[in-house]
Amino acid sequence: MSDAAGPVVLDGFPASEGIARGRVLCVKWRVPEVPHLTVPEGERKREIERFRRARRRARRELEGIKRDTEDRLGPIEARIFDPQILMLDDPEVVEGTRRYISRSRLTAARAFEWRMLELKERWSRTSHPMVLDRLNDLEDLKVRILSRLLGLAAPWSLEGGAEEVVAVARNLTPSFVARLEPSRVVGLAADGGTRASHWAILARSLEIPAAAGLGNVSTRARDGQEIIVDGVSGRVVIDPDAKEADRFERRRAAIREWRHEEAASPRGGPVALDRQGVTLRANLDLPGEAARAYRLGAEGVGLFRTEFLVVGRGTMPGEEEQYRAYRTVAEAFPSQPVLIRTFDLGGDKFPVFLRTPAENNPFLGRRGVRVCTDEPELFLTQLRAILRAAAHGDVRIMVPLVNTASEIGVVRKLLDGAAEQLRGRGVEFKLPVRVGAMIETPAAALAAAHLATRAEFLSIGTNDLVQYTLAVDRTSTGLAHLFDPFHPAVLRQVSMVAQAGRAAGVEVSACGEMATRPLGALLLLGLGVQALSVGWRSLPEIRRLVRNCRLDRVRAAAAAALEESTGAQVKRTLAASLGGAEERLFPAGT
């Protein structure tokens with residue numbers, strides 16, 4: 001039941017697709033308080049030995065979690081725990097702690113805490129948001145070792161609470177999420193984090209809906225309150241009223257029905273009521289998702305994110321490892337396109353092994369294709385693996401953050417070099433492969449007509465296009481209300497890119513979160529986008545949407561929306577033009 005103030009609605013970032021309803025279970029873990037104590041000079045060796053034993057026990061625990069995760073989810077998800085295991089022997093961690101014990105005669109717990117605080121301060125000074133994941137790993141490890149040194153119980157337990165709970169926390173850790181049972185923990189909501197967070201990757205593998213970057217959900221929610229988590233929009237509703245609860249139940253029941261329908265339906269793209277077809281592909285974060293996407297009727301892969309191979313690692317991934325990952329996806333869709341995005345590094349995703357210098361504005365710095373030219377060894381290895389996987393299906397290469405045709409030329413030159421290396425080794429591969437450009441900046445949208453003469457397809461990355469058009473950091477909780485995919489400036493660029501693609505005879509697709517939201521998907525189709533790529537769990541919803549609309553009406557509605565001056569007006573115009581069709585199909589909103 002709602003309280004007197006009514007429902008509390010919080011908007012953050014989608015972290016794991018799906019929607020869930022349950023009772024709040026607050027996870028209030030924090031770093032233990034460590035007393036400032038010193039030891040007699042003769043006990044310093046004993047404290048160093050206690051620190052060694054605590055590290056050894058932490059390693060056994062983490063290696064056990066890693067093994068369990070590999071058995072349950074697979075080797076890629078298990079590798080998430082490697083950074084913490086490596087930290088246990090990192091000289092910066094170990095020697096720094098020993099120095100404090102030896103020179104200042106601090107207890108092992110106090111010395112370790114001081115060293116962790118120093119490292120946190122140092123890492124926090126870097127400009128890469130990706131460092132937040134490393135800090136999250138650091139805090140997870142810090143709590144684990146301090147708990148051992150202080151003789152405390154592990155703080156990550158989920159004791160108490162009813163069945164079907166939603167875990168709510170200031171932040172979540174990979175070691176916590178990896179052990180959850182989806183039958184009991186049906187959703188996750190956190191103040192911090194992003195879709196790229198290690199815990200969010202595990203949540204997606206476990207198919208637990210999650211919203212991140214909610215700001216203050218941990219202080220707004222109380223144990224036992226009812227809560228709805230929408231992992232598609234990133235929205236959380238605490239104490240939903242009868243109307244919100246009814247909308248949720250209707251949507252959940254509809255999704256179940258659609259999934260059963262899809263399982264029994266013949267494969268092929270959805271056809272609208274006016275007999276016009278739409279190509280519907282899947283976004284993938286991990287190779288293991290390919291089989292699930294295929295079962296839900298995906299017509300290939302419109303975005304295979306490859307950052308899982310590099311983020312959080314201390315060493316560059318090898319060619320063989322990458323080849324196996326790409327081949328898995330190619331073989332899942334042997335006769336349909338698989339668009340593999342080359343490493344989209346920079347911004348909120350930068351692997352430790354590149355040792356990149358700090359940047360004041362990482363989203364405006366070394367990102368996407370720009371890193372490709374700076375790190376040829378990394379990208380040649382990836383391109384060799386992609387060319388080998390292309391022998392097993394219709395594999396295509398998608399280049400992120402392209403602004404100029406010359407950047408496509410650089411990739412083609414690297415591709416030729418990779419092919420020559422494989423040829424010299426006598427390894428089977430396929431060439432040519434199609435190379436396409438991601439349109440993610442206003443510069444790329446304005447240059448789309450020229451890019452379409454050099455690229456063999458264009459893919460609109462709506463998340464970054466919105467970010468760069470509106471100058472709004474898409475990972476900033478405080479600016480979430482300004483991140484508006486329906487802003488007229490964004491729509492006009494989408495329309496411009498679609499027109500450029502039609503004129504050049506190349507496919508234009510869209511693969512951002514906008515395509516996963518019903519009203520956004522309709523708008524993209526209405527503006528002339530030919531193919532949508534959505535989170536694989538959202539395939540039944542978007543397929544149903546297409547089958548129950550008339551594309552001629554959708555195009556007319558989009559044309560009317562282009563004349564509006566605000567995002568709110570765009571949504572009202574679309575809803576009115578479509579007669580509320582999207583609301584009848586998707587009662588939980590846009």
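Residues Pro174 and Asp140 come closest through the heavy atom pair CD-OD2, 3.9 Å. The shortest non-hydrogen separation linking Leu106 to Val39 is O-CG2, 4.3 Å. Residue Val236 comes nearest to Ala211 through the heavy atom pair CG2-CB, 4.1 Å, listed as atom of the first residue, atom of the second, then distance. Across every non-hydrogen atom of Leu141 and Met87, the tightest pair is CD2-CB, 3.6 Å. In terms of heavy atoms, Gly192 sits closest to Trp199 at O-CZ2, 4.0 Å. The shortest non-hydrogen separation linking Ala111 to Ile101 is CB-CG1, 3.5 Å.
To the nearest 0.5 angstrom, Ile65 atom CD1 is 12.5 Å from Ile80 atom CD1. Taken to the nearest 0.5 Å, the CD1 atom of Ile208 stands 4.5 Å off from the CG atom of Leu206. Interatomic distance, Leu149 CG to Arg144 CZ, rounded to the nearest 0.5 Å: 13.0 Å. From Leu138, atom CG reaches atom CG of Leu119 across 6.0 Å, with rounding to the nearest 0.5 Å. In this structure, CD1 in Ile228 is found 10.5 Å from CG in Asp239, a value given to the nearest 0.5 Å. For the atom pair CG of Leu73 and CG of Leu286, the computed distance is 9.5 Å after rounding to the nearest 0.5 Å.
A donor-acceptor pair under 3.5 Å is formed between the side chain of Gln225 and the backbone N or O of Arg222. Of the possible donor and acceptor atoms, none in the side chain of Thr38 sits under 3.5 Å from a partner among the backbone N and O of Arg105. With hydrogens and angles ignored, the 3.5 Å screen pairs no side-chain donor or acceptor of Asp241 with any backbone N or O of Pro7. No donor-acceptor pair closer than 3.5 Å links the side chain of Ser197 to the backbone N or O of Ala200. Judged by distance alone, the side chain of Asp230 and the main-chain N or O of Arg235 form no donor-acceptor pair under 3.5 Å. Remark: side-chain polar atoms of Ser538 are not paired, donor with acceptor, to backbone N or O of Glu541 under 3.5 angstrom. Remark: side-chain polar atoms of Thr306 are paired, donor with acceptor, to backbone N or O of Arg341 under 3.5 angstrom. For the pair Arg179 (side chain) and Ser175 (backbone), a donor-acceptor distance under 3.5 Å is present. Without hydrogens or angle criteria, Asp464 side chain to Gln467 main chain gives no donor-acceptor distance under 3.5 Å.
Annotation: side chain of Phe308 is in contact with side chain of Arg79 (closest heavy-atom distance under 4.5 Å). Arg110 has its side chain out of reach of Leu37: every pair of non-hydrogen atoms, C-beta onward, lies at least 4.5 Å apart. In this structure the side chain of Leu25 never reaches within 4.5 angstrom of the side chain of Val166, judged on heavy atoms. The shortest side-chain heavy-atom distance between Ser16 and Leu188 does not fall under the 4.5 Å cut-off. Taking 4.5 Å as the limit, every side-chain heavy atom of Glu319 sits out of range of all side-chain heavy atoms of Gln322. Within the 4.5 Å cutoff, no side-chain heavy atoms of Val168 are placed close to those of Ile238. Between Arg295 and Trp536, every side-chain heavy-atom pair lies at or beyond the 4.5 Å cut-off.
Within the structure, ring pair (Phe, Tyr, Trp, His ring centres under 6.0 Å) contacts touching residues 209-236 (residues at least two apart or in different chains) do not occur. Screening residues 44-69 for ring pair (Phe, Tyr, Trp, His ring centres under 6.0 Å), with sequence neighbours left out, gives Phe51-Phe112. The list of side chain to side chain donor-acceptor pair (under 3.5 Å) pairs with a residue in residues 67-76, not counting sequence neighbours, is empty. Counting only residues at least two apart or in different chains, ring pair (Phe, Tyr, Trp, His ring centres under 6.0 Å) contacts with residues 207-233 are absent.
Taking Glu95 as the reference, Arg98 meet the side-chain hydrogen bond (donor to acceptor under 3.5 Å, both in side chains) condition, with sequence neighbours excluded. Under the side-chain hydrogen bond (donor to acceptor under 3.5 Å, both in side chains) criterion, Arg204 pairs with Asp285, not counting sequence neighbours. Judged as a salt bridge (charged side-chain N to carboxylate O under 4.0 Å, His left out), and not counting sequence neighbours, Glu77 has no contacts. Residues forming a salt bridge (charged side-chain N to carboxylate O under 4.0 Å, His left out) with Glu513 (at least two apart in sequence, or on another chain): none. With sequence neighbours left out, the ring-ring contact (aromatic ring centres under 6.0 Å, His included) criterion links Phe81 to no other residue. Taking Lys66 as the reference, Asp82 meet the salt bridge (charged side-chain N to carboxylate O under 4.0 Å, His left out) condition, with sequence neighbours excluded. Partners of Arg99 by salt bridge (charged side-chain N to carboxylate O under 4.0 Å, His left out), not counting sequence neighbours: none found. Remark: Thr342 pairs with no residue by the side-chain hydrogen bond (donor to acceptor under 3.5 Å, both in side chains) rule, at least two apart or across chains.
For the pair Glu47 and Arg50, the salt-bridge criterion is met [side-chain N within less than 4.0 Å of a carboxylate O]. Using a 4.0 Å cut-off between charged nitrogen and carboxylate oxygen, Glu49 and Lys45 do not count as a salt-bridge pair. By the 4.0 Å N-to-carboxylate-O rule, Arg115 lies close enough to Glu118 to be salt-bridged with it. In this structure, Arg44 pairs ionically with Glu41, as a charged nitrogen and a carboxylate oxygen lie closer than 4.0 Å.
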### Query
Can you list the steps and then say if Leu482 with Leu470 is a side-chain contact (heavy atoms from CB on, under 4.5 Å)?
CA-CA 8 Å; Leu482 298 176; Leu470 303 183; over 6 Å; no

### Message
Using the rule given for side-chain contact (heavy atoms from CB on, under 4.5 Å), can you reason through Leu309 versus Phe343, listing the C-alpha separation, both sets of side-chain angles and the distance that settles it, and then say yes or no?
### Response
CA-CA 9 Å; Leu309 288 159; Phe343 295 135; 4.2 Å; yes

### Task
Would you check, one step at a time, whether the test side-chain hydrogen bond (donor to acceptor under 3.5 Å, both in side chains) holds for Gln382 with Tyr326?
CA-CA 10 Å; Gln382 183 178 38; Tyr326 306 150; 3.1 Å; yes

### Message
Quick one, Arg23 with Glu226, criterion side-chain contact (heavy atoms from CB on, under 4.5 Å). Give me CA distance, side-chain angles, the key distance, then yes/no.
### Response
CA-CA 5 Å; Arg23 295 287 175 180; Glu226 192 172 7; 3.8 Å; yes

### Query
Going through the distances and angles, do Thr516 and Glu17 end up as a side-chain hydrogen bond (donor to acceptor under 3.5 Å, both in side chains)?
CA-CA 10 Å; Thr516 299; Glu17 288 86 358; 5.7 Å; no

